[in-house]
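We count residues from 1, following the sequence as given.
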Amino acid sequence: YISATLSVEGPAAGVSYYFDDASLVEIPEYTTWEADANARIEAHRKNNIRFTFDIPSDTNASDYVVHIDHIRHLFGFGTAARSDFIVHEDYQQYRDVLYSLFNSVSITDYDWFRDQGTASNPDFSRAVAATDELLKNGVKVRGESFFSARPASEPTWVSSLNSQQLRDAVTKRINYLTGITKEKVSQWVVNNQLLHGRFYEDRTGELNFTQQLFKAIGAADPFPELLLNDFDVVAEGNHNLGYVDQINAFKDADVGLKGVGIQSRFPDFTKPDITLVKARLDKLAATGLPLWITQLTIGSSDEHKKADWYEDALRLYFSHPSVEGISILGFWDHEVNGNNALIHGYTYALGEAGKRYQRLVKQDWSTHVTRPLTSGTSFTVRCFQGDYAVVVYYKGKPVRQTTFTLHKGDTSFTMVVGATAEIQLPPVFDPFAPQDIDFASSSLNLQTIGHGTSTSQSHQLQCVSRRSAVSAIGDEKTASVSCNAGEVLAGCSSFSTNNDWRRDGEQVTFVNGKAVCTAFNGHYSSAGVQAEARCCSLRTLQCRYRTAGPSGTGERDQIIIPCADNEYPLGCGSWTFEAESAGTIFTSNFCIGQNDDIVVGVYGFASCCQATPSLHCITLYSAVSGPDVGDRAVLSCPSELPFTLTGCNVHAPNGRGAGAFIE
């Protein structure tokens with residue numbers, strides 16, 4: 001017994017429609033897909049090259065060795081990347097890794113709603129600067145997206161325009177954006193996700209308004225390929241046949257459609273169904289247009305599973321003769337969720353999925369040949385398409401180097417060696433090797449915001465933890481807690497209740513003259529946060545509360561909050577507006593807040609405390625936790641002496657810590 005559910009998407013409420021027919025067809029399990037994919041890769045991604053080396057007549061062929069290295073694919077292996085990372089001076093290693101693994105980059109900062117200017121004075125200078133940097137390094141640039149069919153993905157002011165105003169704004173954007181990117185961007189998604197929205201058609205009353213957009217953009221800049229792009233068509237296939245119809249309609253209209261974008265966000269923790277993906281891909285390929293895989297994501301907390309699943313998807317897509325390129329949603333865990341990332345942290349460590357990707361693209365699907373000319377100066381090699389470097393060695397020393405590109409189709413290559421004097425080869429470096437980062441430290445806007453005094457008469461330091469209620473989910477949602485009468489707020493920390501890193505941190509403020517510990521939730525948070533106050537009492541204990549910030553916006557930039565010589569920082573904390581902080585570092589006489597992104601910087605606070613007779617405090621650091629969500633770093637005060645814990649917090653050198661609490 002088989003049942004099926006049919007849902008209809010499209011007509012507005014109250015619009016009648018006719019349902020003609022439906023069929024349910026079983027797709028047999030594709031058991032030989034991997035062997036078939038490998039055969040297709042061999043047939044479609046490689047060609048024969050006939051090499052000939054013309055050596056001086058007074059030398060012996062047996063003294064020559066040639067190295068032939070595939071340095072860049074013709075097929076598009078790409079990723080989305082943040083413009084600010086591409087241009088910021090602190091992210092040189094990010095760029096080195098990017099250039100080593102990918103030959104194209106999708107710049108999302110061209111999206112209209114990401115305009116850093118105003119409606120009358122747009123500003124996409126950051127995206128253009130990133131584009132120029134990429135082109136300088138031989139990396140192609142894809143634009144996502146010129147327009148979006150879904151109003152939520154356009155600037156809010158656009159939704160308020162009437163039909164004519166919208167037409168005028170569209171014309172202005174086309175002229176502006178093609179003007180600043182002319183002959184720079186190799187592809188544009190013209191009106192993204194047209195299967196899932198018809199904002200421009202509905203607002204203007206023009207049924208084929210997107211087709212007009214294709215014509216207008218193509219006329220303004222004939223250089224880029226213009227694409228449709230949509231989701232739920234291959235990774236999940238509810239709109240597969242609808243996309244086929246849409247593509248054919250655009251082909252018939254002859255408006256300049258040059259390719260088809262296929263968003264491939266597979267559901268997290270789910271192995272791609274290769275049988276279904278191949279069947280859906282074949283239906284789109286039947287339209288006869290080149291296919292481009294976009295926003296590929298595969299997620300699992302198990303790195304080995306994620307690596308296997310990525311390999312399956314990459315192999316199938318790379319093998320399909322209609323697919324011209326694959327672009328992933330992002331490669332670094334500071335751009336995408338760690339469950340989807342290939343590379344982790346500021347050490348740019350390759351996870352298992354990253355290692356698998358690198359092996360496939362740089363080894364299994366790449367050609368590297370070392371061949372002595374003893375058996376002859378001409379020979380044939382079947383090579384993967386793309387750019388090559390050829391170096392000729394004579395008696396063990398390099399004497400000639402050149403590059404060439406293997407396009408689709410067999411070809412020949414002749415190299416005249418000429419002189420046998422040694423040449424200097426460019427240095428080879430490892431983009432994953434550790435690199436030193438210069439970071440800035442400051443105490444900008446350092447100030448004392450208040451004081452607290454314990455009224456206890458006890459001569460023994462006593463501290464208790466008081467925890468707030470759970471905050472609401474969402475950006476800037478807060479939860480606060482304060483100490484009881486007679487106590488002093490020493491430490492203030494916060495944590496996410498589901499180990500999510502998307503929180504803004506914690507802050508000490510004063511309400512009606514009383515110190516309050518407040519936890520701040522972050523953008524895209526998925527759970528609430530809690531604040532934890534460490535409340536201490538001791539005769540003569542008094543604290544002053546100091547803040548400073550923001551830090552610089554560079555990688556690992558620090559904000560320092562010092563205490564006086566007779567004070568100890570019993571509590572330290574940090575917060576930011578963008579949920580991007582590496583956390584807090586305690587020292588014996590000052591607190592440090594550390595930045596983790598290049599947007600706004602971090603702020604910090606210190607509870608600078610003293611008592612008579614003087615306190616004796618030590619600062620301890622735990623070992624580093626594991627890398628997985630939920631892994632803990634645990635630390636206790638020494639048991640051999642009667643120490644009392646006054647405060648703790650989290651420092652995550654690679655950012656994205658879920659917080660700290662006291663048990």
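- Within the 6.0 Å centre-distance limit, the rings of Phe102 and Phe331 are counted as a close aromatic pair.
- Here the straight-line distance linking atom CD1 of Ile293 with atom CD1 of Ile328 works out to 13.5 Å at 0.5 Å rounding.
- Donor-acceptor pairing under 3.5 Å is recorded for the side chains of Asp387 and Thr405.
- Using a 4.5 Å heavy-atom threshold, the side chains of Tyr348 and Pro431 count as separate.
- Within 6.0 Å of CD in Gln447 there are more than 12 heavy atoms belonging to other residues, nucleotides or ligands.
- Crowding of Lys184 atom NZ: a count of heavy atoms from other residues, nucleotides or ligands under 6.0 Å exceeding 12.
- Side-chain contact between Val599 and Thr553 is absent, with no heavy atoms from C-beta onward closer than 4.5 Å.
- Residues Lys305 and Phe269 form no side-chain contact, since every pair of their non-hydrogen atoms from C-beta on lies 4.5 Å or further apart.
- When atom types are taken as modelled, the side chain of His73 and the backbone of Val361 share a donor-acceptor pair closer than 3.5 angstrom.
- Residues Arg502 and Ser526 have side chains not in contact (no heavy-atom distance under 4.5 Å, counting atoms from C-beta outward).
- In this structure, the side chains of Thr131 and Thr181 stay at 4.5 Å or more apart for every pair of heavy atoms.
- Remark: the His196 side chain and the Asp230 side chain contain an N/O donor-acceptor pair separated by less than 3.5 Å.
- Between the side chains of Asp96 and Gln435, at least one donor N or O sits under 3.5 Å from an acceptor N or O.
- With hydrogens and angles disregarded, no donor-acceptor distance shorter than 3.5 Å links the side chain of His304 to the backbone of Lys306.
- With a 6.0 Å radius and a threshold of 12 heavy atoms from other residues, nucleotides or ligands, Tyr524 has its OH atom at or below the threshold.
- Checked against a 6.0 Å centroid threshold, the rings of Phe605 and Trp575 do not count as neighbours.
- A cation-pi arrangement, defined by a distance under 6.0 Å to the six-membered ring centre and an angle within 45 degrees of its axis, is absent between Arg45 and Phe75.
- Of the possible donor and acceptor atoms, none in the side chain of Tyr243 sits under 3.5 Å from a partner among the backbone N and O of Val260.
- Under the 4.5 Å side-chain criterion, counting only non-hydrogen atoms from C-beta, Ile561 is in contact with Leu446.
- Cation-pi geometry between Arg356 and Tyr310 is not satisfied (NZ or CZ under 6.0 Å from the ring centre, within 45° of the ring normal).
- Aromatic ring centres of Trp332 and Phe85 lie closer together than 6.0 Å.
- For the residue pair Ser300 / Asp302, no side-chain donor-acceptor distance below 3.5 Å is found, with atom types taken as modelled.
- Figure legend: Arg503 and Phe495 shown without cation-pi pairing, the cationic atom not lying both under 6.0 angstrom from the six-membered ring centre and within 45 degrees of its axis.
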Note to self: Run the ring pair (Phe, Tyr, Trp, His ring centres under 6.0 Å) test on Phe199 and Phe147 for me, step by step, so that the C-alpha distance in whole Å, both residues' side-chain angles and the decisive distance to 0.1 Å come before the verdict.
What the structure shows: CA-CA 10 Å; Phe199 170 70; Phe147 298 100; 9.9 Å; no
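- In this structure, Asn498 contributes its side chain and Asp500 its backbone to a donor-acceptor pair below 3.5 Å.
- The closest donor-acceptor contact from the side chain of Arg203 to the backbone of Leu161 lies under 3.5 Å.
- Between Phe209 and Tyr200, the ring planes lie parallel to each other; the angle is under 30°, not in the 30° to 60° tilted range.
- More than 12 heavy atoms of other residues, nucleotides or ligands sit less than 6.0 Å from atom OH of Tyr99.
- Side chains of Asn192 and Ser153: no donor on one and acceptor on the other come within 3.5 Å.
- Between Pro426 and Gln401 there is a side-chain heavy-atom pair separated by less than 4.5 Å.
- Summarising the local packing, CG of Asp430 is surrounded by more than 12 heavy atoms from other residues, nucleotides or ligands at distances under 6.0 Å.
- Atom CG of residue Asn137 and atom CD of residue Glu133 lie 5.0 Å apart, to the nearest 0.5 angstrom.
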Next item on the list: Mind running salt bridge (charged side-chain N to carboxylate O under 4.0 Å, His left out) on Arg315 and Asp364 for me, showing each step along the way?
Entry: CA-CA 11 Å; Arg315 188 179 303 278; Asp364 295 5; 5.1 Å; no
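- A centroid separation of 6.0 Å or more is found between the aromatic rings of His651 and Phe586.
- Between Ile423 and Leu425 the shortest side-chain heavy-atom distance falls below 4.5 Å.
- In this structure, Trp112 and Trp157 have perpendicular ring planes: the angle between them is above 60°, well past the 30° mark.
- The backbone N or O of Ile262 sits less than 3.5 Å from a side-chain atom of Ser264, completing a donor-acceptor pair.
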